Amino acid sequence: MPAPPPGVSNTDFAAALRKLEAAVGPEWVFKSDEDVALYRDAYSPERDEPTERLASAAVAPITVDQVQQVVRIANEHRLPLYPISTGKNLGYGGSAPILSGSVVVDLKRMNRIVAVDEGRCSAVVEPGVSYFDLYRHIQERKLKLWIDTPDPGWGSVVGNALDHGVGYTLGQYRDHFGSHCGMEVVLPNGELMRTGMAALASDASWADYKYGFGPYVAGLFGQANFGIVTKMGFWLMPEPEAYRRGTVHVPKRRDIVALVEHVNHLENLGLIGMPGFRSPLGFAQAREPELRALVAKPGGPTDEELDRFAEAKGVASWSVELQFYGPEKTIAANWEYAQQRIGAAIPGSRFDDGVSYRFPLSATQQAEVQRVHRLVDIGIPNMSIFAIAGGRTPQNPDSADGGQFYFAPMIPRTGEAILEANRVLGQAYRDAGVPYNQYFSAPACWHYRAFIMITSLPVSRLDPEINRRSRAAFRALAQVAAEHGWGEYRSPPFGVDLVAGAYSFNDHALLRFCETLKDAIDPNGIIAAGRGGIWPKHLRGSRA
Amino acid sequence: MKKTISTAVAAAVALCASVSVGQPRPGAATVDHGKQVYDYWCLPCHGGGLGLPGFAELPGTQQLRIKYRDSPISPLLAERTDLAPEFVKVIVRQGVSFMPQFRKTEISDADLDALAAYLTRNNGASAR
């Protein structure tokens, strides 16, 4: 038998495991070292260190009733549980708990697609359903629906939404929690609750209207520990008639300010999907030693120096790729409008037409998409993003290592904020000894009303020193970010208290409110201790 | 519990060299099931086709092409003729590089046996 969770006696743990086996079947309770090791976070920056977060056991229910039984058993024995959906939240904890010794509740077997409604553009799914699963379900039935998928397609539709994950198409869909509609939750006392219209005794509109009547409590179940979500409704996007891309280039460094304003305008009107900002000048560093020297000089380059270099080489300081979804004629007109608007406002701006498609794509078209852009831009799940997850490269062909986690602060959606974040974080990265493209980093635009200045920090299966450096960098960066009003939108497990602690207005009123709720809803503290930085009363002070 | 990956992979590599000499051939149904497991779990990284823009191949294929750059071994797992079943199982259960391990709720032991059967179905077909 594995070591018991903290605060649970060997006797109680053994009794709890026996009851769990009776509830879900002995083959679905994992307690051997070999089986429990499968729940390690493959991208843990604490690997093989005393602080690595390890499960004591795992249980894999297949029905809601079994989840309820698991929760009731946990209450009887004060057993800390940690639910996972598909367990693929790599970079943010994977399939491991935050509190070592927790029993992982593995919901992968709960993989039913409960409903997909083509006419109402919605779906209801269980936590074990991946983006691949939902996509295949839609394709096999030739439904005129799109999903919005994050980069790795094997992630859980439910789990990604609950961790405030994001995608690539139109703003209303790529905020995955924001596009959910109605959920079913097993509460910490084992009771089953539904939210929104799903809370009606006979629901006819689960995935149509979010709010139902009364307070909107669904938000309490994202990045938190107030229950185990067993179903969620989602709004899906109707397959558009067409897609097109266009790229805008602007010449000067400070043109980013006006460029962001105009792109925001286009997106706030619903005319574009996710924009992709870049710095072509930044990419030029690899081939331009003069530019590298300019960037490396003491005090760094001035804007004017960078502009002179960009002009001399004919390289744009910034660019943005715009994505258009909709009727072929309409999106052509929207692209034309974007060119007129930005061209009139930013002298020297240039425009490149990109690809355009009508849907459905032919197999040949689909196979060729990634020559020019990502499949996720058109709602096709895949795994290509792992090309940048470490591993062997032509420069380092013998590396057997890989993986990463993320520092992901939210900053205002302005060009000034990009420049300021790069200046401030650039210094913080330098202080931490981590490379950072200070003058040319562009934000991720997944959450469409704010920018994410996301960077990855490497993890190692083999070298604890790499992990220690990355953890130290994360802590330093999060501290600096908080001082400038930039909080992270997600966190690796070791960082949850630091990240939650930055949301400190009025002596941490938000966290204290969550703790009050935790004590009332989960008095035994059995659900996902530490998630969202919220700890049960008996563990407060131990923290991550 | 914290058996290190390097130890496990080293052991598996040693197994790889021995292929599966003397073991009975799995049945067609097992191999077919193994292909289903492969298509669902492995193909998205280890298949053919393009990777991200700027990457000619999918991530797993790209990694194996670099790894076997000086050898005739195919970077496509499904074309390999030199894998030992135990090697496949260790890699799936331990992970390697940025590939995570797979839990039994994802790939059961029976699925893994079938996957190993599929990926070793061509052993002996080459001139090795």
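Quick caveat: nothing in here was measured; it's all calculated off a predicted structure. Numbered from 1 within each chain, the chains take letters A, B, ... in sequence-line order.
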Legend entry - Residue part contacting chain A, namely of B/L52, when any heavy atom lies under 4.5 Å: both

Under 4.5 Å from any heavy atom of chain B - which part of [X]:
X: A/L107; value: neither
X: A/T393; value: backbone
X: A/D401; value: backbone
X: A/P381; value: neither
X: A/A400; value: backbone

Inset, instruction - Report yes or no: does B/R93 contribute a side-chain atom to a donor-acceptor pair with the main-chain N or O of A/L38 at less than 3.5 Å? - result: no

Inset, instruction - Keeping the roles fixed (side chain from B/R103, backbone from A/T86), state whether a donor-acceptor pair exists under 3.5 Å. - result: yes

Nearest atoms (heavy-atom pairs only) where [X] meets [Y]:
X: B/P59; Y: A/S384; value: CG-O, 3.6 Å
X: B/Q101; Y: A/A42; value: OE1-CB, 3.5 Å
X: B/P44; Y: A/M383; value: CB-CG, 3.5 Å

Gap between atom [atom2] of [Y] and atom [atom1] of [X] - 0.5 Å precision:
X: B/I107; Y: A/K108; atom1: CD1; atom2: NZ; answer: 10.5 Å
X: A/F30; Y: B/T105; atom1: CZ; atom2: OG1; answer: 6.0 Å
X: A/Y43; Y: B/F98; atom1: OH; atom2: CZ; answer: 6.5 Å
X: B/S108; Y: A/E27; atom1: OG; atom2: CD; answer: 11.0 Å
X: B/E106; Y: A/N111; atom1: CD; atom2: CG; answer: 11.5 Å
X: B/C45; Y: A/I385; atom1: SG; atom2: CD1; answer: 11.0 Å

Legend entry - Proximity of residues 150-159 of chain A to chain B, residues having a non-hydrogen atom under 4.5 angstrom: A/W154

Inset, instruction - Would you please go through residues 368-376 of chain A and name the residues with a non-hydrogen atom below 4.5 Å from one of chain B, in numerical order? - result: A/E368, A/Q370, A/R371, A/V372, A/H373, A/R374

Inset, instruction - Count the heavy-atom pairs under 4.5 Å between each of B/Q62, B/E57, B/R69 and chain A, then report the option with the highest count. - result: B/R69

Interface residue of largest heavy-atom contact number with chain B, from [options], under 4.5 Å:
options: A/G94, A/G391, A/G128, A/A367; value: A/G391
options: A/A60, A/G87, A/S460; value: A/G87
options: A/S130, A/A58, A/G402; value: A/G402

Inset, instruction - State plainly whether the residues A/E34 and B/K104 are in salt-bridge range, i.e. N to O under 4.0 Å. - result: no

Inset, instruction - Verify side chain to side chain contact (heavy atoms under 4.5 Å, CB included) between B/S97 and A/F386, making sure each step is shown before the conclusion. - result: CA-CA 11 Å; B/S97 183; A/F386 283 87; over 6 Å; no

